[in-house]
Undergrad: 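Next up is a structure, given as structure tokens.
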Amino acid sequence: MRTALYAGTFDPITNGHLDLLRRALGIFDRVVVAVGTGRDKDPMFTPSERVEMIREATSDLDGIEVTSLGGLLVEEARRLDACAVIRGLRAVSDFEYEFQMALMNRRLAAEIETVFLTPSERFTYLDSTIVKEVALLGGDVSGLVPDVVLRELVKKRNGS
């Protein structure tokens, strides 16, 4: 069974992330989504909230597992016996950072490949930070996020 690890903050997961997951399932038998803490970010949702939203959003996809990520990405990939790490590229601006991370991961674990995937054109501009900002300001983000995320964003906007 070919396993890939798709790690990120996913604060929140968007339809762009789901698009990449579907593409990854066309290549790998199993994709583990690992939710990072986002130490350098200011997450809106707790890691457990993000894990639950992703589980609900991917419940119709066979071969997806969701977990939390607490340490080095390559160590989690080894633990899961993953042969690859999935990274999404929306624009050229993503490439430099992702390329540096891929090279560092290769240095730490040469046996684990990094696979770059691009989303459908309709999701190329989609970013979790922008989605959160638009939603909190009362904008309509339906169609950009799964229904579970839309519900949770409305709750956050309403202070619940």
Side-chain angles (χ1 to χ4, degrees), residues 1-25 27-90 93-119 123 126-133 135-136 144-153 155-156 160:
M1 178 178 288
R2 294 178 51 86
T3 298
L5 180 63
Y6 181 29
T9 308
F10 304 107
D11 186 49
I13 191 166
T14 67
N15 287 344
H17 293 123
L18 293 175
D19 180 61
L20 288 183
L21 276 172
R22 286 183 182 92
R23 291 170 187 280
L25 284 172
I27 302 169
F28 300 96
D29 304 304
R30 174 177 164 232
V31 178
V32 178
V33 180
V35 176
T37 57
R39 289 186 314 267
D40 58 336
K41 299 180 180 184
D42 185 23
M44 174 183 283
F45 297 100
T46 67
S48 61
E49 288 173 324
R50 288 178 266 150
V51 165
E52 287 308 311
M53 285 190 289
I54 296 167
R55 283 188 178 139
E56 186 173 331
T58 60
S59 63
D60 64 325
L61 299 175
D62 291 330
I64 299 290
E65 295 175 29
V66 186
T67 188
S68 294
L69 179 65
L72 278 175
L73 176 69
V74 293
E75 291 304 322
E76 183 69 6
R78 281 183 177 138
R79 187 185 73 72
L80 295 166
D81 198 27
C83 62
V85 170
I86 300 296
R87 299 302 299 167
L89 293 176
R90 294 170 300 210
S93 57
D94 291 340
F95 181 75
E96 186 173 345
Y97 172 78
E98 293 296 345
F99 186 67
Q100 289 174 330
M101 293 303 297
L103 291 176
M104 179 55 75
N105 287 339
R106 182 181 293 160
R107 183 178 185 284
L108 295 171
E111 73 278 12
I112 300 170
E113 289 295 332
T114 298
V115 176
F116 295 109
L117 296 175
T118 57
F123 299 125
L126 198 50
D127 176 86
S128 294
T129 302
I130 293 170
V131 165
K132 286 185 294 193
E133 187 172 336
L136 289 177
L144 303 179
V145 295
D147 291 340
V148 61
V149 172
L150 190 58
R151 286 193 312 268
E152 294 302 319
L153 285 168
K155 284 182 190 176
K156 293 284 185 181
S160 332

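Each residue takes its place number in the sequence, starting with 1. All values below come from the heavy atoms of this structure, side chains included, with hydrogens, waters and symmetry mates left out.
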Undergrad: At their closest point, which heavy atom of Ala34 faces which heavy atom of Leu5, and how far apart are they?
TA: CB-CD1, 3.6 Å
Undergrad: Could you tell me the separation between the CG atom of Asp11 and the OG1 atom of Thr37, rounded to the nearest 0.5 Å?
TA: 11.0 Å
Undergrad: May I ask you to decide whether Lys155 forms a salt bridge with Glu49, counting only side-chain N to carboxylate O separations under 4.0 Å?
TA: no
Undergrad: Report yes or no: does Thr9 contribute a side-chain atom to a donor-acceptor pair with the main-chain N or O of Gly36 at less than 3.5 Å?
TA: no
Undergrad: Sequence neighbours excluded, which residues qualify as ring pair (Phe, Tyr, Trp, His ring centres under 6.0 Å) partners of Phe116?
TA: none
Undergrad: Would you say Asp60 has more than 12 foreign heavy atoms packed within less than 6.0 Å of its CG?
TA: yes
Undergrad: Write out all pairs satisfying salt bridge (Lys or Arg N to Asp or Glu O under 4.0 Å) with one or both partners inside residues 99-117, taking only residues at least two apart or from two chains.
TA: Arg78-Glu111
Undergrad: Would you check if Ile86 and Ile27 make a side-chain contact, meaning some heavy-atom pair closer than 4.5 Å?
TA: no
Undergrad: Mind checking salt bridge (charged side-chain N to carboxylate O under 4.0 Å, His left out) for Arg55 and listing every partner two or more places apart, or none if nothing turns up?
TA: Glu52
Undergrad: Of all residues at least two apart in sequence or in a different chain, which pass the side-chain hydrogen bond (donor to acceptor under 3.5 Å, both in side chains) check with Glu98?
TA: Arg87
Undergrad: Are Val85 and Met101 packed together at the side-chain level, in the sense that at least one heavy-atom pair is separated by less than 4.5 angstrom?
TA: no
Undergrad: Distance-only criterion, 3.5 Å: show the donor-acceptor pairs between side-chain atoms of residues 67-74 and protein atoms not counting sequence neighbours.
TA:
none

Undergrad: Specify the closest pair of heavy atoms between Ala135 and Leu153, including all atoms of both residues, with the distance to one decimal.
TA: CB-CD1, 3.9 Å
Undergrad: Between Val66 and Val51, is there a side-chain heavy-atom distance shorter than 4.5 Å?
TA: yes
Undergrad: Could you tell me which residues satisfy salt bridge (charged side-chain N to carboxylate O under 4.0 Å, His left out) with Asp29, sequence neighbours excluded, listed by chain and number?
TA: none
Undergrad: For residues Ile54 and Ile13, determine if any side-chain heavy atom of one lies less than 4.5 Å from a side-chain heavy atom of the other.
TA: yes
Undergrad: Return yes if some donor-acceptor pair links the side-chain N/O of Arg90 with the main-chain N/O of Pro119 below 3.5 Å, else return no.
TA: no
Undergrad: Within a strict 4.5 Å, meaning less than it, do heavy atoms of the Cys83 and Ile112 side chains meet?
TA: no
Undergrad: Using a cut-off of 6.0 Å, state whether more than 12 heavy atoms not belonging to Glu75 lie near its atom CD.
TA: yes
Undergrad: On a heavy-atom basis, which atom in His17 and which in Pro12 lie closest, and how many Å separate them?
TA: CE1-O, 3.7 Å
Undergrad: Rounded to the nearest 0.5 Å, what separation is found between the CG atom of Leu136 and the NZ atom of Lys132?
TA: 8.5 Å
Undergrad: In terms of ring plane angle, is the pair Phe10 and Tyr6 parallel, tilted or perpendicular, where the classes change at 30° and 60°?
TA: perpendicular
Undergrad: Heavy atoms, side chains only, cut-off 4.5 Å: are Met44 and Ser128 in contact?
TA: no
Undergrad: If you measure from the Lys or Arg side-chain nitrogens to the Asp or Glu carboxylate oxygens, is any gap between Arg151 and Asp147 under 4.0 Å?
TA: no
Undergrad: Could you give the distance from CG (Leu25) to CD1 (Ile64), rounded to the nearest 0.5 Å?
TA: 4.0 Å
Undergrad: Got a second to check how far Phe95's CZ is from Gln100's CD, nearest 0.5 Å?
TA: 10.0 Å
Undergrad: Look up atom OG1 in Thr58 and atom CZ in Arg22, then write down how far apart they are to the nearest 0.5 Å.
TA: 9.5 Å
Undergrad: What is the distance from atom CG of Asn15 to atom CG of Leu21, rounded to the nearest 0.5 Å?
TA: 11.0 Å
